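Taking it in order: structure first as structure tokens, then the write-up.
We count ligands from 1, going down the list as the structure has it; atoms in each ligand are counted the same way. Numbers here simply count residues along the sequence, with the first being 1. These numbers were taken from a predicted model, which means no experiment stands behind them.
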Amino acid sequence: METMPIPESQQQALVSRLMKSCGGSYTPQTRRKYFISGPQWAAAYQGQALFHAPTRPAIGFEEIIQKYAEIGIGYWTTHDTDVIPTEAIGTEVQAEIVGRIKKVLADNGVECSMVTTETFHHAVWAAGPAAEASGVREYAKYRVRNTVDIGHELGASFAVYWPGSLGYYVQGAIDETDSLRWYAGAINAACDRDIEVAKQKGRPTLKHCLEAKPFEPQAEILLPTSDAMLAFIASGLLTHPEMVGLNPEYLHELMWGGAPRAVLARALLAGKLFHFDINDGYRLKHDVDIGVGLVNPLDWLNVLVLLRSHGYQGPFNLDYKPPRTTSAFGVFEVSFPTAVDRFITLWEIAGEVMTDPIIKEATDALKAGGPAAADPHDAEALTKANRELLTLHELIAHRLVQILLGLHRGRVFSIV
Ligand code: 3MF
Ligand code: MG
Ligand code: MG
């Protein structure tokens with residue numbers, strides 16, 4: 001039977017009714033208990049891309065902050081030029097806009113947690129923020145210093161840097177060692193300014209977080225992975241390496257084929273996991289920025305087990321793009337609330353994994369190992385001593401899937 005066409009006037013009501021039927025939504029109060037931030041640019045994304053025209057109208061910070069507040073997203077993040085036109089940076093217009101943002105945030109009970117400098121979109125960045133021309137590099141310093149000022153003004157605790165335009169399309173023109181040195185100069189300028197302003201304002205300095213992406217928009221990227229950035233932080237080029245850490249993005253690490261959980265583990269060990277951009281997508285594909293948990297829920301569960309086990313306290317920034325098939329209405333009716341709710345559910349399931357008696361016993365048994373061999377250098381005897389225990393690896397993986405699917409709580413599928 002063919003379904004009757006749905007009149008335009010009834011489509012939003014249909015979406016809302018089916019959202020209600022999905023159930024399982026958390027209240028805005030519950031959602032606010034998590035350190036989840038909503039980027040200005042994520043909600044304002046109009047669905048455009050290299051081969052795509054926009055599908056949604058433009059929307060300003062007033063409406064976005066208000067909608068985030070209604071949903072229960074308690075934190076907001078922004079690039080400087082998401083809210084201040086490039087030509088108004090550093091002028092009275094900037095001060096006026098920042099004043100309005102402060103008021104809208106306060107009126108809605110939302111806090112600004114992070115600010116970031118756009119160093120990739122405007123034509124001035126055609127050769128990147130660490131271009132050969134010293135004027136462009138000085139301008140980059142000016143922009144990151146200005147963002148630090150805005151951050152302190154808005155009460156932020158984090159500043160993020162995504163050097164996506166630090167690289168090249170055609171090889172041979174740049175010397176990578178120069179570019180990296182120059183890029184460090186911009187980060188140093190931001191940290192110096194931060195120390196100054198923090199002192200003036202009696203606030204702690206910001207946490208400066210580098211965000212890697214392996215490809216796009218440059219063809220070759222000089223700091224393509226979080227690990228490259230850890231090496232950059234430790235390279236001796238930074239005057240305040242202790243102020244600088246990472247903002248890994250889940251999908252950016254998948255894009256190069258990395259295991260996000262292992263990337264996060266390396267950042268944790270280095271004490272550099274400051275901030276985390278959350279989303280989802282596919283390995284070795286472009287930056288599709290799908291909502292968290294829609295592609296890899298099992299991997300996400302494992303990621304959250306790791307972060308919870310190690311007491312990660314930083315923000316979870318919803319850096320994803322509502323698909324261009326989603327309407328402006330759907331962005332706040334479906335995209336954001338469901339992304340937040342999947343995150344919370346996975347976070348809580350991670351808690352179940354951490355206290356599951358089967359996983360605990362299996363993990364403890366693996367760590368206890370088999371009996372010590374008479375000769376500790378006898379590889380055959382060592383192998384035999386642990387042979388049967390190692391089956392627990394697969395058993396644990398099975399149990400994780402059971403927990404993810406709710407089978408441990410009695411959800412059963414009968415074959416009769
Ligand atoms: C690009 C990104 C960026 C960064 C942002 C933070 C536009 O792939 O992920 O979002 O997250 O620039 O500084
Ligand atoms: Mg990001
Ligand atoms: Mg991305």
Side-chain angles (χ1 to χ4, degrees), residues 36-50 64 75-84 86 112-122 125 128-129 140 143-144 146-148 150-151 154 156-167 183 186-187 190 206-219 221 223-226 229 244-256 258 260 263-264 267 273-292 294-296 300 314-323 335 339:
I36 296 173
S37 56
Q40 171 66 23
W41 67 90
Y45 171 61
Q46 293 179 254
Q48 76 281 17
L50 196 51
I64 290 175
Y75 300 87
W76 173 81
T77 61
T78 193
H79 293 96
D80 50 358
T81 56
D82 289 343
V83 286
I84 303 154
T86 302
C112 171
S113 52
M114 181 273 267
V115 287
T116 176
T117 311
E118 175 270 298
T119 56
F120 45 86
H121 187 78
H122 194 280
W125 311 123
R143 284 285 294 272
V144 294
N146 182 64
T147 302
V148 163
I150 296 174
L154 292 178
S157 314
F158 300 88
V160 168
Y161 306 86
W162 167 49
S165 58
L166 184 69
Y183 187 66
I187 303 296
L206 307 176
K207 285 185 170 247
H208 297 257
C209 319
L210 301 177
E211 176 180 339
K213 172 153 90 168
F215 23 89
E216 194 195 49
Q218 287 290 18
I221 306 269
L223 293 171
T225 62
S226 289
M229 283 175 164
V244 183
L246 297 183
N247 172 43
E249 179 171 313
Y250 179 86
L251 179 58
H252 292 176
E253 304 299 333
L254 265 196
M255 283 168 71
W256 65 266
V263 171
L264 294 166
L273 187 59
F274 288 2
H275 200 273
F276 187 21
D277 271 5
I278 65 171
N279 53 19
D280 214 335
Y282 307 92
R283 264 203 160 100
L284 304 172
K285 297 284 187 336
H286 71 282
D287 197 14
V288 288
D289 287 329
I290 291 169
V292 55
L294 286 182
V295 182
N296 297 296
W300 257 107
F316 294 95
N317 189 44
L318 296 164
D319 191 8
Y320 79 105
K321 296 189 169 63
S335 272

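- Considering both main-chain and side-chain atoms, Glu249 comes within under 3.5 Å of ligand 1 through a nitrogen or oxygen pair.
- Counting protein heavy atoms only, atom 6 (C) of ligand 1 is closest to Glu211 OE1, 3.5 Å.
- Heavy atoms of Glu216 found under 4.0 angstrom from ligand 1: none, in either backbone or side chain.
- Under 4.0 Å from ligand 1, the heavy atoms of Asp277 that appear belong solely to its side chain.
- Minimum-distance N/O/S atom of Glu249 relative to the Mg ion (ligand 3): OE2.
- Here's the thing with His79: one of its N/O atoms is less than 3.5 angstrom from an N/O atom of ligand 1.
- Near Lys213, meaning under 4.0 Å from one of its heavy atoms, ligand 1 places the atoms 1 (C), 8 (O).
- Glu118 does not count as a contact of ligand 1, since none of its heavy atoms falls under 4.0 Å from the ligand.
- The proximity of Asp287 to ligand 1, defined as any non-hydrogen pair under 4.0 Å, is limited to the side chain.
- Looking from atom 13 (O) of ligand 1 to the surrounding protein, the closest heavy atom is Thr116 OG1, 2.6 Å.
- Geometry note: the Mg ion (ligand 2) is the vertex, Glu211 OE2 and Asp319 OD2 are the arms, and the angle is 160° (rounded to 10 degrees).
- Between His208 and Tyr161, the two ring planes are parallel [angle under 30°; tilted spans 30° to 60°].
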